[in-house]
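Everything numeric in this text was worked out from a predicted model, so none of it was measured. In listed order, ligands and their atoms are each counted from 1.
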Amino acid sequence: MKFYYAPGTVSVASAYLLEETGVAYDPHRIDFKNSEQTSPEYLAINPKARVPALVTDEGILTETGAILEYLAGLVPDRALVPADAWQAAQMRSVMYYLASTAHVNHAHKHRGHRWATQQSSFDDMTAKVPETMAAACRFMEDTWPLSPFVLGDAMSVADPYLFSVCTWLDGDGVTIADYPKLAAHFAMMSARPAAAVLRDKGITR
Ligand SMILES: N[C@@H](CCC(=O)N[C@@H](CS)C(=O)NCC(=O)O)C(=O)O
């Protein structure tokens with residue numbers, strides 16, 4: 001499978017799971033500095049002009065949550081989506097929160113042009129990011145098990161998703177050490193072999 005990513009983005013979540021599961025993939029880096037995500041060639045792959053995108057035998061898949069669940073389905077023995085309906089819903093609750101709140105908070109730092117046109121609006125949005133990301137961290141710390149995995153004893157696809165978001169915290173002005181459970185989760189995920197491979201490949205910084 002061909003996997004389109006950019007270092008330091010949410011595509012790290014899918015890259016992590018690809019490494020964690022051992023599913024074979026061919027990584028293809030999209031050069032944000034040269035706006036490759038808006039090139040005609042890439043728009044033919046993902047018309048949303050975003051990463052990640054995964055080219056499978058069945059078609060092209062976008063959206064982190066969908067890619068993660070697809071990969072989990074390829075390795076059913078790993079049980080990365082809980083069989084229990086309540087646990088599976090808890091996992092999706094985490095993932096929807098990361099996608100619709102934490103990621104959107106983070107995007108206000110450099111992607112203000114999605115929502116506004118004035119430089120003063122961009123500046124205001126950027127200035128707010130440490131506060132909104134800290135609020136997200138407080139919510140996650142106080143609400144999720146995170147012991148050691150997001151859902152508790154067993155790893156799920158929510159774990160690499162949270163890992164990718166935590167790679168942003170330092171740059172977003174948040175001190176992860178202020179959130180001991182989150183910090184322990186990030187340290188644990190950073191110490192797994194999959195994370196080392198991502199560092200070697202330059203997919204995480
Ligand atoms: N909901 C999408 C969001 C993907 C997304 O926003 N990716 C960002 C990187 S974190 C991107 O490709 N940005 C390119 C741009 O804004 O030009 C997902 O979770 O996969």
Plane angle bin for His108 and Trp115 - parallel if under 30°, tilted between 30 and 60°, otherwise perpendicular: parallel

Evaluate the ring planes of Tyr97 and Phe139, with Trp represented by its six-membered ring, and classify them as parallel (under 30°), tilted (30 to 60°) or perpendicular (over 60°). tilted

Separation between CE of Met1 and CG of Leu74, rounded to the nearest 0.5 Å: 5.5 Å

Does ligand 1 have any N/O pairs with the protein under 3.5 Å, and how far apart?
from, atom 1, to, atom 2, distance (Å)
ligand 1, 1 (N), Glu63, OE1, 2.6
ligand 1, 6 (O), Arg50, NH1, 2.9
ligand 1, 7 (N), Val51, O, 2.9
ligand 1, 12 (O), Val51, N, 2.8
ligand 1, 16 (O), Arg111, NE, 3.2
ligand 1, 16 (O), Arg114, NH2, 2.7
ligand 1, 17 (O), Gln37, NE2, 2.8
ligand 1, 19 (O), Thr64, OG1, 3.0
ligand 1, 20 (O), Thr64, N, 2.9
ligand 1, 20 (O), Thr64, OG1, 2.9

NZ/NE/NH1/NH2 to OD/OE distance under 4.0 Å, Glu19 and Arg192: no

Hey, are Arg29 and Glu36 close enough for a salt bridge, meaning a charged N less than 4.0 Å from a carboxylate O? no

Going by the angle between their ring planes, with limits at 30° and 60°, are His106 and His103 parallel, tilted or perpendicular? tilted

